[in-house]
Q: 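Please find one structure pasted underneath; my questions will follow.
In what follows, residues are counted from 1 in the order of the sequence shown. Hydrogens, waters and symmetry mates play no part in the numbers below; they use all other heavy atoms, side chains included.
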Amino acid sequence: MTVKNSAPIHVHDVKITDKFWTRYLENVRKEMIPYQWDVLNDRANITIEKERNDETIPSEKSHAIENFKIAAGLKEGHHYGWVFQDSDVYKWLEAVAYSLHHTYDEALKELADEVIDLLELAQEKDGYLNTYFSIEEPERRFKKLAESHELYCAGHYIEAAVAYYETTKNEKALKIACKLADFIDASFGDELGKIKGYDGHEEIELALAKLYQLTNESRYLELSRFFLYERGTDTTFFERQLKEDTGKRPVIEGMTHRPLSYYQAHKPILEQESAEGHAVRLVYLCAAMADVAYLSNDGEMLEACDRLWKSIVSKRMYITGGIGSTVDGEAFTSDYDLPNDTMYCETCASIGLIFFAYNMLKNDANGSYADTLERALYNTVISGMALDGKHFFYVNPLEVNPQNSAKDPGKSHVKVTRPEWFGCACCPPNLARMLTSLNKYIYTIHDDVIYTSLYLTNQTNVVVKDTKISLQHETNYPWDGDIKFRIQPDSPVSFGFAVRIPSWSKTFKLYLNGEEIKEQPTNGYIIIDREWKGNNELVLSLDMNIQVWSANPYVKADLNKIAIQRGPFIYCLEEADNGANLHLIRIPKNEPFSYRFEENLFGGVGIIEANAKKRVVQKEWGNQLYATDLDEEYEERKVTFIPYYCWANRTPGEMLVWVTKE
C-alpha cells in the first residue's frame, strides 16, 4: 500500500442543502447545542443515566462549566464529575464552530467566545489546561496517564480550537491551543528530562495532526508521531507510573485491572495485527495513524492501518457499523464474536470508525472505506440520537428485550429508550460535532481526480489546476438512488471526476450529458477522466432493490438468520409494528419484500413489508419448560421493518435486526 498525493476539500467549501441531512443540522443547531449548553451549566431539568458497565457514575449533574470557573479562580469549590469531563465542553465548542458555518448566529458566537475567555483564565501560566488536576491534585499532573485522560482532554480542546479558529478567526482560541500543545511538547519526548510515554486514551495524536495542518508547525506533527510510535514500546510504562503513585487514590476506579491491550499498548503499533481493547481508543488511534501516514508519507504506518482496518471490517464489525462486542471495557473480543443483545456498539466508537475511514480515504481512494463510513453514519451513528435531538443512546444494540434489560445485570447497559443525558457524557457532544462536520466527508481529491464518497444534495466550488469548478449535487438519497451532478469549470480543464458505486448496489446506470457510460468500477469508483468545459450533467442511478444479507457462518449469533437492507439503511423489526416475541417470527425462503415511503412516520421514512410466519405457542406447553413430541405450529403474519436508526422513538418494546429464516 502506498501513500498517494491527495487533498481533502475543506469543510467550509461545501454547503449542504440536503433534505435528509439539513433536518439533522437544524436539530443540532436548535435543539442539541442549546440543550447541551444547559446541561453543561446544570440548568437542564433532566434525569442523568447513572449506571454504565458495573460502575456507579459519581455525577448526577454535569458541572462541567462550573469546574472551569473554579479552575479559573472565579469561584471556590471542588471538581465534580468524571476526570475527563472537560472534553464535553470542548466537543460542544467544536460542534458550535461547525454549526456557525452552516448558519451564522451572532448570539451563539458570543456565547462561545465567552467560553474561550473562561478557558483562557483556567489555563495555567505554563500552558497546562485540565480542571481536575488544577483544582484537586496539581502535583499529579501527567503521573497517572493510564487513567488521567489529560492528553485526551487536551486533544479535544485543540480540535475544537482549530475548528473554531477556521470558522471565526478567533485568535485567542488558537493561542490557547498552541500554548497547550507547546507545553505538552516540552513535557513529552525522547529527550532527557521528558516523559517517554503517552495517554491511556488516544486523541492528542489526532489533534496535533490537525494543529500542524493549520499552523504548519512541524513540531506538532513530530509530537504526534512520537506518541504513536512510543505506544507499546515500553510495556512497563503504565505499571511504573502506578508504582510511583502508590498510596494515592485512583483517578478513575477500576482501571488498574485492565490489560495493556485495552489501551492498545501491548505491542508497538507496527506490530499490532488485530483490533483489540476499548473500541473508541482503537479507532481514535487508527484515525491518527492514518492521518499522520498521509501527512508524513509514512507507508509503513499506513500498512499497519490497513491490517487493523481489515481486522475490524472483516471479522469484528456489526452489519450496522457498530463496533465493540462486550460491555466489559466497551471492547473488541475475538473474531466473529458479535452477540446482538449483550454487545456495546458505542455511538462514539462508530463516530471514531468514520474518522478512521475518512483518513484512510485521504491516503487511498478505495470505495470500501467510504462504504464503511456510510454504513456507520446511516445506522449506528444517527441511531445514537432520538429524533427530538434531546435523548441519546450510548449503546446501540441489534436485539432488545425490555424485561432482560431490566432484570439481567449482563444486559442492563442495553436500554429500550434513549436517556436524556449520561454521567459519562462523551456521546451526545461527539454526535453533535460529527453531524455538523458532515461537509468534509463528501469529497476527496487524489491526483487531479475529485472523488465523491457520500451522496447528499450540496454545492461546492473546487479548484483543480488553478481552475475553479462549480459542482452541484442533487439527490433524494438515501430514499432514492438517482443522483445528479452539474459540473461547470470556469474554463476548459482536464481532470477526473469519480462516482462511488456502493458495494450494496448490484447494478447501476451512469450517463454523461445523456450518453451512457458503460465502464465498471475499479476499487468502488468509476472515474470519468476528460477535458471538462461548459455545463455538464452527470446522472448516476443506483440499485435500490431490497437486499437480504446473511452473516459469516462463524458468527454464531446470526446463524440461520437474515438482515434486511435497502440503500445505506439496515432495517429492523420493532414490537410497535409486529407485536411481542419477535424471536418467534420466521421469514420464508425467497419471500418477496415490498417497499413504500410513509410521509407521516418519523417525519418521512421508507418501510419494508413481507409475509412471514410466527410460531404459535400452543396451550399444551402450559407451564412446561421442556417437552417432547410437540409439533410446531405457525400462523401467517405480515411483518413491517423500519430503518434501524428510527427504533426506540415510539412506545418502548422489543427490537430485532437479525431475523430467523425458514
Q: Between Y477 and W21, does the ring centre distance come in under 6.0 Å?
A: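 No, too far apart.
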Q: Tell me the closest heavy-atom pair linking I487 and I469, and the distance in Å.
A: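 For I487 and I469, the tightest heavy-atom pair comes out as CG2-CG2, 3.9 Å.
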Q: Do side-chain atoms of N439 reach the backbone of I16 as a donor and acceptor pair under 3.5 angstrom?
A: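 Judged by distance alone, no pair lies under 3.5 Å.
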Q: For I176, does its backbone N or O pair with a side-chain atom of Q123 as donor and acceptor, under 3.5 Å?
A: yes
Q: How about Y90 and H156: are their ring centres within less than 6.0 Å of each other?
A: no
Q: Flag the pair L174 / L214 as yes when at least one side-chain heavy-atom distance between them is below 4.5 Å, and no otherwise.
A: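 Yes; the side chains approach each other to less than 4.5 Å.
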Q: Nearest heavy-atom pair of D291 and A209: which atoms, and what distance?
A: OD2-CB, 3.7 Å
Q: Can you find a heavy atom in the side chain of F393 that is under 4.5 Å from one in the side chain of W647?
A: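 Contact flag for F393/W647 side chains = yes.
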Q: Establish, from distance only, whether the side-chain atoms of Y443 and N458 form a donor-acceptor pair under 3.5 Å.
A: yes
Q: For the side chain of R486 and the backbone of N535, is there at least one donor-acceptor N/O pair under 3.5 Å apart?
A: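 No; zero donor-acceptor contacts below 3.5 Å.
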Q: Run the salt-bridge test on K210 and E166 with the 4.0 Å N-O cut-off and return the result as yes or no.
A: no
Q: Within the 3.5 Å criterion, strictly below it, is a donor on Y220 or D182 matched to an acceptor on the partner's side chain?
A: yes
Q: Just by distance, do the side chain of T460 and the backbone of L471 share a donor-acceptor pair under 3.5 Å?
A: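 No: the side chain of T460 does not pair with the backbone of L471.
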Q: With rounding to the nearest 0.5 Å, note down the distance linking CG in N27 to CD1 in I33.
A: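 Those atoms lie 10.5 Å apart.
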Q: Considering non-hydrogen atoms only, spot the tightest contact between F392 and G389 and give its length.
A: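 For F392 and G389, the tightest heavy-atom pair comes out as CZ-O, 3.4 Å.
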Q: Is a side-chain donor-acceptor pair under 3.5 Å present for N396 with S383?
A: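 Present: a donor and an acceptor within the cut-off.
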Q: Should the pair E66-K75 be classified as a salt bridge under the 4.0 Å nitrogen-to-oxygen rule?
A: yes
Q: Do the side-chain N and O atoms of Y128 and E150 include a donor-acceptor pair separated by under 3.5 angstrom?
A: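 There is such a pair between these side chains.
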Q: Between E94 and K91, does any NZ, NE, NH1 or NH2 come within less than 4.0 Å of an OD or OE carboxylate oxygen?
A: no
Q: Taking D371 first and then R375, would you say they form a salt bridge - that is, a charged N and a carboxylate O separated by under 4.0 Å?
A: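 Judged by the 4.0 Å cut-off on N to carboxylate O distance, D371 and R375 do not form a salt bridge.
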Q: Would you call the rings of H201 and Y152 parallel, tilted or perpendicular if under 30° counts as parallel and over 60° as perpendicular?
A: tilted
Q: Is there a donor-acceptor pair closer than 3.5 Å between any side-chain N or O of H446 and the backbone N or O of L361?
A: yes
Q: Can you see which heavy atom on P428 is nearest to which on Q36, and at what distance?
A: O-NE2, 3.3 Å
Q: Are H63 and I70 close enough, and set up right, to give a side chain to side chain contact (heavy atoms under 4.5 Å, CB included), and what steps lead you there?
A: CA-CA 10 Å; H63 211 255; I70 296 169; 4.1 Å; yes
Q: Say whether, by atom type as modelled, one donor and one acceptor occur between the side chain of R418 and the main chain of G384 under 3.5 angstrom.
A: no
Q: Which value, rounded to the nearest 0.5 Å, describes the distance between F227 atom CZ and L223 atom CG?
A: 4.5 Å
Q: Kindly say whether A279 contributes a backbone atom to a donor-acceptor pair with the side chain of E330 at under 3.5 angstrom?
A: no
Q: My understanding is that only one of D18, T452, T457 makes a side-chain contact (heavy atoms from CB on, under 4.5 Å) with H473; could you say which?
A: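 It is T452; the other options fail the test.
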Q: Considering residues, nucleotides and ligands other than K390, do more than 12 of their heavy atoms fall under 6.0 Å from its NZ?
A: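 Not more than 12 within 6.0 Å, no.
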Q: With rounding to the nearest 0.5 angstrom, report the CG to CZ distance, L211 to R219.
A: 9.5 Å
Q: How about R650 and I642: do any of their side-chain heavy atoms sit closer than 4.5 Å?
A: yes
Q: Is E574 reaching over with its side chain to a backbone N or O of A576, donor-acceptor style, under 3.5 angstrom?
A: no
Q: Does V115 reach the side chain of W92, with side-chain heavy atoms less than 4.5 Å apart?
A: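 Counting from C-beta outward, V115 and W92 do come under 4.5 Å.
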Q: Would K175 and E171 pass as an ion pair if we require N to O under 4.0 Å?
A: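 Not counted as a salt bridge, because no side-chain N and carboxylate O are separated by less than 4.0 Å.
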Q: Of all heavy-atom pairs between C153 and S87, which one has the smallest distance, and what is that distance?
A: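 Result for this residue pair: SG-N, 4.1 Å.
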Q: If I compare all heavy atoms of T380 with all of G322, which pair ends up nearest, and what's the gap?
A: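 Reported closest heavy-atom pair: OG1-N, 3.3 Å.
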Q: F485 and side-chain contact (heavy atoms from CB on, under 4.5 Å): which partner among V539, L538, I450, T475?
A: L538
Q: Can you check whether V605's main-chain N or O pairs, donor with acceptor, with W479's side chain at less than 3.5 Å?
A: no
Q: How many angstroms lie between atom OH of Y394 and atom OH of Y344, to the nearest 0.5 angstrom?
A: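 The distance works out to 5.0 Å.
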Q: Verify the distance criterion only: is there a donor paired with an acceptor across the side chains of S453 and Y525 at less than 3.5 Å?
A: yes
Q: So F20 and Y24, would you call those rings parallel, tilted or perpendicular, with 30° and 60° as cut-offs?
A: tilted
Q: Is it true that, when you exclude E106 itself, more than 12 heavy atoms of the residues, nucleotides or ligands shown sit nearer than 6.0 Å to its CD?
A: yes
Q: Calculate, to the nearest 0.5 Å, the distance between atoms OH and NE2 belonging to Y35 and H391 respectively.
A: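 Interatomic distance, Y35 OH to H391 NE2, rounded to 0.5 Å: 6.0 Å.
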Q: Under the 3.5 angstrom rule, does the side chain of N649 hit a backbone N or O of L387 as a donor-acceptor pair?
A: yes
Q: Go through the side-chain N and O atoms of N67 and D86 and say whether any donor and acceptor fall under 3.5 Å apart.
A: no
